[in-house]
Amino acid sequence: MAGKLRQKMRNRARKVLLVLDNATCHAHGAQLKNFKLLFLPPNTTSNLQPLDHGVIKCFKMEYRQCALRHVIAHMDGCESASQLLKKISVGDTLDWIKTSWKKNRSRSDH
């Protein structure tokens with residue numbers, strides 16, 4: 001997709017300003033023809049995107065509740081925190097993400 005967009009903009013001689021936060025996953029040194037990368041100052045995302053902050057906060061709160069319910073349900077028979085952590089699978093965390101996102105979306109639809 002990104003390659004197609006670059007080619008399309010190049011073919012149309014379009015200039016694009018891409019505004020990014022300072023997440024490490026963004027290509028900070030990328031040389032893109034027809035694209036100018038503008039990086040926001042560090043630690044400003046929550047000020048510049050307050051909706052994202054609220055969505056992320058609600059998502060994290062729901063995710064933590066899922067994790068806590070899991071921990072409480074599996075505490076019996078565990079003598080240490082490391083034993084308890086071993087009872088959490090990748091599948092569990094993916095289910096918590098899915099559940100949290102769905103609940104967060106249903107709240108925002110109202």
Side-chain angles (χ1 to χ4, degrees):
M1 174 68 180
K4 288 181 183 180
L5 178 62
R6 277 195 302 261
Q7 188 62 44
K8 187 176 180 180
M9 294 298 108
R10 192 176 307 142
N11 291 344
R12 293 182 179 179
R14 299 282 305 263
K15 302 237 184 243
V16 178
L17 176 63
L18 188 57
V19 180
L20 303 165
D21 63 14
N22 281 303
T24 56
C25 60
H26 295 145
H28 284 268
Q31 298 296 318
L32 302 169
K33 294 182 180 187
N34 297 43
F35 281 76
K36 171 142 175 87
L37 303 181
L38 174 65
F39 290 96
L40 297 173
N43 304 314
T44 59
T45 302
S46 62
N47 294 332
L48 300 172
Q49 297 174 309
L51 176 63
D52 282 354
H53 184 68
V55 170
I56 292 167
K57 180 180 178 182
C58 291
F59 173 81
K60 283 182 177 181
M61 192 169 58
E62 186 61 45
Y63 180 89
R64 288 178 182 141
Q65 287 178 0
C66 289
L68 184 58
R69 282 191 293 270
H70 181 87
V71 165
I72 291 170
H74 293 86
M75 282 177 61
D76 291 339
C78 290
E79 295 184 19
S80 68
S82 62
Q83 279 184 335
L84 194 53
L85 285 174
K86 289 177 184 176
K87 294 189 178 213
I88 299 173
S89 70
V90 172
D92 292 329
T93 60
L94 292 174
D95 286 342
W96 302 340
I97 289 169
K98 182 179 174 183
T99 299
S100 302
W101 187 250
K102 281 184 174 181
K103 285 187 179 180
N104 200 32
R105 291 284 310 239
S106 67
R107 283 187 192 121
S108 66
D109 290 342
H110 292 109

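- Taking CG of Asp95 as the start and NE2 of His70 as the end, the distance is 10.5 Å to the nearest 0.5 Å.
- Between atom CG of residue Leu84 and atom NE2 of residue His74 there is a gap of 9.0 Å, rounded to the nearest 0.5 Å.
- Counting all heavy atoms, side chain and backbone alike, Phe59 lies closest to Ile97 at CE1-O, 3.6 Å.
- A distance of 10.0 Å separates CG in Leu68 from CH2 in Trp96, rounded to the nearest 0.5 Å.
- Atom CG of Leu38 sits about 9.0 Å away from atom CG of Leu18, to the nearest 0.5 Å.
- Within a 6.0 Å radius of NZ in Lys60, other residues, nucleotides and ligands contribute 12 heavy atoms or fewer.
- The main-chain N or O of Trp101 is never found under 3.5 Å from a side-chain atom of Asn104 such that the two would form a donor-acceptor pair.
- Of all heavy-atom pairs spanning Lys87 and Cys78, the tightest one is CE-SG, 3.4 Å.
- Taken to the nearest 0.5 Å, the CE atom of Met61 stands 11.0 Å off from the NZ atom of Lys103.
- The shortest distance between side-chain heavy atoms of Cys66 and Arg69 falls below 4.5 Å.
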